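Quick note on labels: first sequence line is chain A, next is B, and so on, each numbered from 1. What you see is a predicted model, and the numbers here were worked out from it, not measured in a lab.
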Number of protein chains: 2
Amino acid sequence: MAVATDEVERRIDSLSHALRASGLRLTHQRLEVVREVAQSDRHPDVESIYRAVRERVPTISLDTVYRTLATLDGLGLVKRVTATPGPARYDANTAHHHHFVCTRCGLIRDVDDQELDAVSAARGAAPFGSVESIEVQLRGICNDCRTKERDHD
Amino acid sequence: MAVATDEVERRIDSLSHALRASGLRLTHQRLEVVREVAQSDRHPDVESIYRAVRERVPTISLDTVYRTLATLDGLGLVKRVTATPGPARYDANTAHHHHFVCTRCGLIRDVDDQELDAVSAARGAAPFGSVESIEVQLRGICNDCRTKERDHD
DNA sequence: GTTACTGCAAACTTTTTGCACGACA
DNA sequence: TGTCGTGCAAAAAGTTTGCAGTAAC
């Protein structure tokens, strides 16, 4: 668990309130799916979340995980990350932040940086529509992949 | 065709050279797939490219389009766009640029902006790896979706 | 007690792969 | 002519959906 315990608690609390406010039910399955996503800062995909939650809720089904994540996304409690091709991945950090993306292995890590936060809606985007959020993707090679590359020399 | 004819020509030229340099064959199918992607600035998905190319090469198969795009991506002649969930989309603009993304309909448009180009590799990313490229995603609602929204009031 | 949610199974969409024929160099 | 690329078909991967039983409120 790489996310601080109190932040995990805060995220789970926020879930309960948001569900109640929307008239949705706080089920065991939803709670455990959120707990799983909230604990991780690795932007896990649906399959990983499913496997992890099943350790605690052995009867949960994959489609419930899909449905739960879609519901939570709709409520703004998690965000679907679209930085890599392939399986859907989710992020419980709903605060404004940026991403480092490894183009080799697909690692995604949150980047908090005030300089990047200061990037403002470009004039270049004005003709297309109204900008509501800005995310900077820093693409490159992660430390692990770089090390592996050296080992193969 | 929204991309200037001479730019399309330049991209097709660049294909021929790159394929030859890699010892790959310049087939009719590859040429027409590139022409299709190079002509468009809408970041088409594989299915759209397939449909469009089939008008000129009726016998082409969908899996050839998939394979061709993967090959071209490997050579750096097109880039797979990972800004929206769902089907793979491709961009023939391999120059450094940014994207406006409509979160409602999935529209993606290239944004050229010197201010955004000036965004530099954040210190915040340093611990994770080496940054090789930076893309800014400007997310919001496009003009068309905004208009539709008003019409439904 | 209602009604929304879940699990199961099946369907659907998107993408990949094996193989034999045909076309490029 | 040799070999790579294509088309076909089937499979694999990822995601969605209908339905009947179950659990939350």
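Residue Q29(B) places none of its side-chain N or O atoms closer than 4.0 Å to OP1 or OP2 of dC24(C). For the pair T59(A) and dG7(C), the criterion of a side-chain N or O lying under 4.0 Å from OP1 or OP2 is met.
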Show each protein N/O and nucleotides 1-3 of chain C N/O combination with a separation under 3.5 Å, one pair to a line.
{"unit_1": "dT3(C)", "atom_1": "O2", "unit_2": "R25(A)", "atom_2": "NH1", "d": "2.9"}
{"unit_1": "dT3(C)", "atom_1": "O2", "unit_2": "R25(A)", "atom_2": "NH2", "d": "2.7"}

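No donor-acceptor pair closer than 3.5 Å links the side chain of T94(B) to the backbone N or O of V78(B). Side-chain N or O atoms of N143(B) include one that pairs as donor or acceptor with a backbone N or O of P127(A) at under 3.5 Å. Checking side-chain atoms of H98(A) against main-chain N and O of V136(B) turns up no donor-acceptor pair under 3.5 Å. Side-chain atoms of R11(A) do not come within 3.5 Å of backbone N or O of Q39(A) as any donor-acceptor pair. When atom types are taken as modelled, the side chain of D113(A) and the backbone of G124(B) share a donor-acceptor pair closer than 3.5 angstrom.
Taking atom CD of residue E32(A) and atom P of nucleotide dT6(C), one finds them 12 Å apart after rounding to whole Å. Rounded to whole Å, atom C1' of dT6(C) lies 14 Å from atom CG of L24(A). Going from atom CG of L19(A) over to atom P of dC25(D) covers 9 Å, rounded to whole Å. L31(A) has its CG atom 17 Å from the P atom of dA23(D), to the nearest Å. Atom NE2 of H28(A) and atom P of dC25(D) are 13 Å apart (whole Å). Rounded to an integer number of Å, the gap from L62(A) CG to dA11(C) P is 18 Å. Following rounding to the nearest Å, I60(B) (CD1) and dG22(C) (C1') show an atom-to-atom distance of 15 Å. One can place CZ of R20(A) at 14 Å from P of dA24(D), the figure rounded to the nearest angstrom.
Taking 4.5 Å as the limit, some side-chain heavy atom of D41(A) sits within range of a side-chain heavy atom of V3(A).
Within a heavy-atom distance below 4.0 Å of DNA chain C, the residues of residues 63-89 of chain A found are D63(A), T64(A), R67(A). Contact check of residues 49-58 of chain B against DNA chain C (heavy atom, cut-off under 4.0 Å) returns no residues at all.
No path of Ile, Leu, Val, Met, Phe, Trp and Tyr side chains, each step under 4.5 Å between heavy atoms, connects V101(B) with L107(B), placing them in separate hydrophobic clusters.
Ionic pairing of D6(A) and R10(A) is not present here: no N-O contact between side-chain nitrogen and carboxylate oxygen is shorter than 4.0 angstrom. In this structure, E55(A) does not pair ionically with R35(A), as no charged nitrogen and carboxylate oxygen lie closer than 4.0 Å.
Of all nucleotides listed (dT15(D), dG5(D), dC8(D)), dG5(D) comes nearest to the side chain of T27(B).
The aromatic rings of H43(B) and H99(B) sit perpendicular to each other, their planes meeting at more than 60°, with 30° as the lower class boundary.
Only one option out of I134(A), T82(A), V131(A) pairs with R139(B) in a side chain to side chain contact (heavy atoms under 4.5 Å, CB included); it is T82(A).
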